[in-house]
Undergrad: 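Have a look at this one before I ask anything.
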There are 2 protein chains.
Amino acid sequence: MKDIKDFLRSNSLRPTKQRVLIAEYLFDGENKHVTAEKLSNELNRRRTGISLATVYNTLHDFYERGLLKKLSLGLDRVYFDTNTDHHHHFYSDKEQLLIDINNKLKVSGLPKLPKNKKTNKIEVIVHLDN
Amino acid sequence: MKDIKDFLRSNSLRPTKQRVLIAEYLFDGENKHVTAEKLSNELNRRRTGISLATVYNTLHDFYERGLLKKLSLGLDRVYFDTNTDHHHHFYSDKEQLLIDINNKLKVSGLPKLPKNKKTNKIEVIVHLDN
DNA sequence: TATCAGTTTAGAATGATTCTAAACTATTGA
DNA sequence: TCAATAGTTTAGAATCATTCTAAACTGATA
């Protein structure tokens, strides 16, 4: 509670009612993959009365502060990941399934980068069937 | 010309005026990464008068027949790749830059798959900065 | 060459996300 | 404690890539 407010303040975010509720849900210790819609549903279930616009704003604010990762899965919707360590994913479009790959997956044999470019990050997506 | 019609026919696609023009552009021997919009612009430049709806339909039809790959880059727009061999990409969101990685890039250390799932494909995206 | 299934198309619809601008609130300093 | 204000929230409109609709068109077949 108090720690959540401090957590937000230490990330240059005013601890508003809405942000506290969202942070409490997202950062409860369990890694989560959320879309704006899924998060909004959960918040409605909890009768928080937080608007969808605020859900979008807050996810974006948290992402900007590095508290969330944004997942590029070529979906329609954007996923935010509370696990901000470098990691990869199993992913099934059909099932809306997203599972962290937290172990020491390695990519080797990369060619040299295009001139004047540097690698930002390497993203591996293991697409699943069935 | 004739070969393009046969090519389309052999893929269960009627060689309509529109499909022939699009296939001629896409499959001219040079690998391409196109979005519906970029392709539509190119076709307008060529005064083909092909509608945007047909561009979408045709890209989809070609994709369904395995003539194009669809790229999952977490963009707003979808990219289609004329290189249908298994390969990976350098990608820069800022610059709308997309470059094939055609060499023997290898991914090792994958954990076992979730139960009852099989790997469809492994996609590696090397995100570039600058 | 008529028939008809397959195609094309303009424009409407969709749906996730962003924008707008007005109301609200946490913070700060007096 | 309070006023001022910068930062937030919100409903609803706007955006934009893509899909849908259903009417007109055309390649293939007999």
Side-chain angles (χ1 to χ4, degrees), chain A residues 1-2 4-23 33-44 46-65 67-68 70-80 93 96 98, chain B residues 1-2 4-23 33-44 46-65 67-68 70-80 93 96 98:
Chain A
M1 194 71 62
K2 190 56 169 48
I4 293 230
K5 290 193 173 187
D6 287 342
F7 167 74
L8 290 170
R9 264 189 283 256
S10 71
N11 281 287
S12 321
L13 291 166
R14 282 194 188 172
T16 63
K17 192 166 68 247
Q18 293 85 345
R19 282 173 179 163
V20 167
L21 286 164
I22 292 175
H33 300 112
V34 300
T35 61
E37 194 193 13
K38 292 205 301 179
L39 176 52
S40 182
N41 290 343
E42 176 62 29
L43 294 168
N44 288 340
R46 297 173 176 217
R47 298 269 129 66
T48 59
I50 299 176
S51 75
L52 184 58
T54 297
V55 170
Y56 275 101
N57 288 340
T58 303
L59 285 172
H60 191 254
D61 291 342
F62 286 3
Y63 169 68
E64 298 263 278
R65 300 312 193 285
L67 308 178
L68 293 173
K70 209 189 262 183
L71 292 189
S72 307
L73 297 168
L75 300 162
D76 286 337
R77 25 176 113 41
V78 170
Y79 275 83
F80 289 90
D93 192 22
Q96 299 257 113
L98 197 48
Chain B
M1 196 71 64
K2 191 55 169 51
I4 292 231
K5 290 193 174 188
D6 286 342
F7 167 73
L8 290 170
R9 264 189 284 258
S10 70
N11 282 286
S12 323
L13 291 166
R14 283 194 187 169
T16 61
K17 191 167 67 243
Q18 294 85 346
R19 282 174 179 163
V20 168
L21 285 164
I22 293 175
H33 300 112
V34 299
T35 60
E37 195 193 12
K38 290 205 301 179
L39 176 52
S40 181
N41 289 343
E42 177 60 30
L43 294 168
N44 288 340
R46 295 170 178 220
R47 296 271 129 67
T48 60
I50 299 177
S51 75
L52 184 57
T54 296
V55 170
Y56 275 102
N57 288 341
T58 303
L59 285 172
H60 191 254
D61 292 341
F62 287 3
Y63 169 69
E64 298 263 278
R65 302 309 196 283
L67 308 178
L68 293 174
K70 207 190 263 184
L71 292 189
S72 306
L73 297 168
L75 300 163
D76 286 337
R77 24 177 110 44
V78 170
Y79 274 84
F80 288 90
D93 192 22
Q96 298 257 115
L98 197 50

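Nothing here was measured: the structure is a model prediction, and the numbers come from that model. Lettering follows sequence order; numbering is per chain, from 1.
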Undergrad: Going by side-chain hydrogen bond (donor to acceptor under 3.5 Å, both in side chains), name the residues that satisfy it together with A:Asn57, two or more places apart in sequence or in a different chain.
TA: none

Undergrad: How about B:Gln18 and B:Thr48: do any of their side-chain heavy atoms sit closer than 4.5 Å?
TA: no

Undergrad: Within the structure provided, determine whether A:Leu98 and A:Leu73 are in side-chain contact (heavy-atom separation under 4.5 Å).
TA: yes

Undergrad: Look at B:Glu42 together with B:Arg46 and state whether they make a salt bridge at an N to O cut-off of under 4.0 Å.
TA: yes

Undergrad: Nearest whole Å is fine: how far is C:dT18 C1' from A:Tyr63 OH?
TA: 16 Å

Undergrad: Using atom types as modelled and distance alone, determine if a side-chain donor or acceptor of A:Arg65 lies under 3.5 Å from a backbone N or O of A:Asn11.
TA: yes

Undergrad: Taking only heavy atoms on the protein side, list every residue of residues 49-56 of chain B lying under 4.0 Å from any atom of DNA chain C, sorted numerically.
TA: B:Gly49, B:Ile50, B:Ser51, B:Ala53, B:Thr54

Undergrad: Any heavy-atom pair between the side chains of A:Lys70 and A:Phe80 that's under 4.5 Å?
TA: yes

Undergrad: Need two values: the first and the last nucleotide of DNA chain D, 5' to 3', having an atom under 4.0 Å from any heavy-atom of chain A.
TA: D:dA6 to D:dA11

Undergrad: In whole Å, what is the span from the CG atom of B:Leu13 to the P atom of C:dT7?
TA: 7 Å

Undergrad: With sequence neighbours excluded, tell me which residues meet side-chain hydrogen bond (donor to acceptor under 3.5 Å, both in side chains) with A:Ser40.
TA: none

Undergrad: Of B:Glu37 and A:Gln18, whose nearest nucleotide on DNA chain D comes first from the 5' end?
TA: A:Gln18

Undergrad: Sugar-phosphate means primed atoms, P, OP1 and OP2; the rest is base. With that split, encode nucleotides 23-30 of chain C 5' to 3' as B, S or - using protein heavy atoms under 4.0 Å.
TA: --BBS---

Undergrad: Can you check whether A:Arg14's main-chain N or O pairs, donor with acceptor, with A:Arg19's side chain at less than 3.5 Å?
TA: yes

Undergrad: Is any side-chain N or O of A:Arg77 closer than 4.0 Å to OP1 or OP2 of C:dT17?
TA: no

Undergrad: Which residues satisfy the ring pair (Phe, Tyr, Trp, His ring centres under 6.0 Å) test with B:Tyr56, sequence neighbours excluded?
TA: none

Undergrad: Is it the case that the side chain of B:Ser10 and the backbone of B:Phe7 share a donor-acceptor pair, with hydrogens and angles ignored and the cut-off at 3.5 Å?
TA: yes

